[in-house]
Amino acid sequence: QVQLVESGGGLVQPGGSLRLSCAASGSIRSINFMGWYRQAPGQQREFVAHIISNRGTNYADSVKGRFTISRDNAKNTVYLQMNNLKPEDTAVYYCNAKGVYRDYTDFNSWGQGTQVTVSS
């Protein structure tokens, strides 16, 4: 019932920047958690960053100082600003959101993913 739509992926040169967006829609009462994960070819899906209501943000060590996660609560949208991109950042990036529906039941929703390719 909760849909997540990612956007902003694409091809960028090393050292470049991209800004990913993830918009949630549906019968949402509140979103407690929004995060980004990524999966490179032949690799397991890994944590990138998340933001939790009243608890701040967390980042994977590999992206600290380069990526910034933020949110717009009014739009139920989370962003990932990615600067100084490296070839090892190449992956499909997935958005994840956790919260409660209007009837107070829990949801845990994933987006379809957006491809980020960092290459010269």
Side-chain angles (χ1 to χ4, degrees):
Q1 194 168 2
V2 174
Q3 294 183 340
L4 302 179
V5 180
E6 300 107 331
S7 62
L11 175 64
V12 65
Q13 295 182 346
S17 297
L18 286 173
R19 184 180 186 240
L20 306 183
S21 299
C22 173
S25 61
S27 300
I28 300 168
R29 180 175 181 83
S30 65
I31 299 176
N32 188 56
F33 171 103
M34 298 192 84
W36 291 95
Y37 297 76
R38 67 187 183 187
Q39 187 168 18
Q43 303 295 317
Q44 298 292 318
R45 187 172 299 186
E46 66 176 356
F47 164 78
V48 176
H50 68 232
I51 184 165
I52 302 175
S53 297
N54 304 122
R55 294 179 64 186
T57 59
N58 280 32
Y59 297 91
D61 288 342
S62 59
V63 307
K64 285 182 179 178
R66 300 188 298 120
F67 292 10
T68 302
I69 188 169
S70 61
R71 65 186 176 188
D72 184 333
N73 292 331
K75 296 182 177 180
N76 283 336
T77 299
V78 65
Y79 306 94
L80 186 68
Q81 179 67 47
M82 304 185 294
N83 297 326
N84 192 24
L85 283 161
K86 303 175 180 180
E88 51 263 43
D89 295 318
T90 296
V92 177
Y93 284 70
Y94 297 91
C95 178
N96 176 234
K98 299 177 182 177
V100 294
Y101 296 113
R102 292 180 186 175
D103 65 1
Y104 295 97
T105 57
D106 296 337
F107 69 81
N108 182 356
S109 184
W110 290 87
Q112 295 299 118
T114 184
Q115 177 71 48
V116 172
T117 303
V118 185
S119 180
S120 299

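- In this structure, Ser53 and Arg71 have side chains that are in contact, with non-hydrogen atoms separated by less than 4.5 Å.
- No more than 12 heavy atoms of other residues, nucleotides or ligands shown are found within 6.0 angstrom of CD on Gln112.
- By the 4.5 Å heavy-atom criterion applied to side chains, Glu6 and Trp36 are counted as neighbours.
- Ile31 and Phe33 get closest at one heavy-atom pair: CG2-O, 3.4 Å.
- Within 6.0 Å of CD on Gln39 lie more than 12 heavy atoms contributed by other residues, nucleotides or ligands.
- Minimum heavy-atom separation, Leu4 to Ala24: CD2-CB, 3.3 Å.
- Panel note: side chain Thr90, backbone Val118; a donor-acceptor pair is recorded below 3.5 Å.
- Rounding to the nearest 0.5 Å gives a distance of 7.0 Å between CZ of Phe107 and OG of Ser30.
- Each of Val12 and Val92 belongs to its own hydrophobic cluster when Ile, Leu, Val, Met, Phe, Trp and Tyr are linked at side-chain heavy-atom distances under 4.5 angstrom.
- Asn32 CG to Ile52 CD1: the interatomic distance, rounded to the nearest 0.5 Å, is 6.5 Å.
- Taking OG1 of Thr57 as the start and CE of Met34 as the end, the distance is 14.5 Å to the nearest 0.5 Å.
- The pair Asp61-Lys64 meets the salt-bridge criterion, since a charged nitrogen lies less than 4.0 angstrom from a carboxylate oxygen.
- Proximity of Arg66 to Asp89: side-chain heavy atoms (C-beta onward) are separated by under 4.5 Å at one or more points.
- Heavy atoms only, all atoms of each residue included: Lys75 and Thr77 are closest at O-OG1, 3.0 Å.
- In this structure, CD on Gln81 lies 12.0 Å from CD1 on Ile69, to the nearest 0.5 angstrom.
- Closest non-hydrogen pair, Gly9 versus Leu20, comes out as N-CD2, 3.6 Å.
- Classified by interplanar angle (parallel below 30°, tilted 30° to 60°, perpendicular above 60°), the ring pair Tyr37/Phe47 is perpendicular.
- For the residue pair Ala91 and Gln115, the shortest heavy atom distance occurs at O-NE2, 3.4 Å.
- In this structure, His50 and Asn58 have side chains that are in contact, with non-hydrogen atoms separated by less than 4.5 Å.
- Looking at heavy atoms from C-beta onward, Tyr79 lies in side-chain contact with Asp72 at the 4.5 angstrom threshold.
- Using a 4.5 Å heavy-atom cutoff, the side chains of Val63 and Arg38 are in contact.
- Here the shortest heavy-atom pairing between Phe67 and Val48 reads CD2-CG1, 3.8 Å.
- Using cut-offs of 30° and 60° for the angle between ring planes, the Tyr94 and Trp110 rings count as perpendicular.
- From Thr68, atom OG1 reaches atom CZ of Arg19 across 11.0 Å, with rounding to the nearest 0.5 Å.
- Annotation for Glu88: atom CD counts as buried by contact number, over 12 foreign heavy atoms lying within 6.0 Å.
- Gln1 contributes atom CD, which lies 7.5 Å from atom CG of Asp103 (distance to the nearest 0.5 angstrom).
- Looking at Val78, Asn76, Leu80 one by one, the single match for side chain to side chain contact (heavy atoms under 4.5 Å, CB included) with Cys22 turns out to be Val78.
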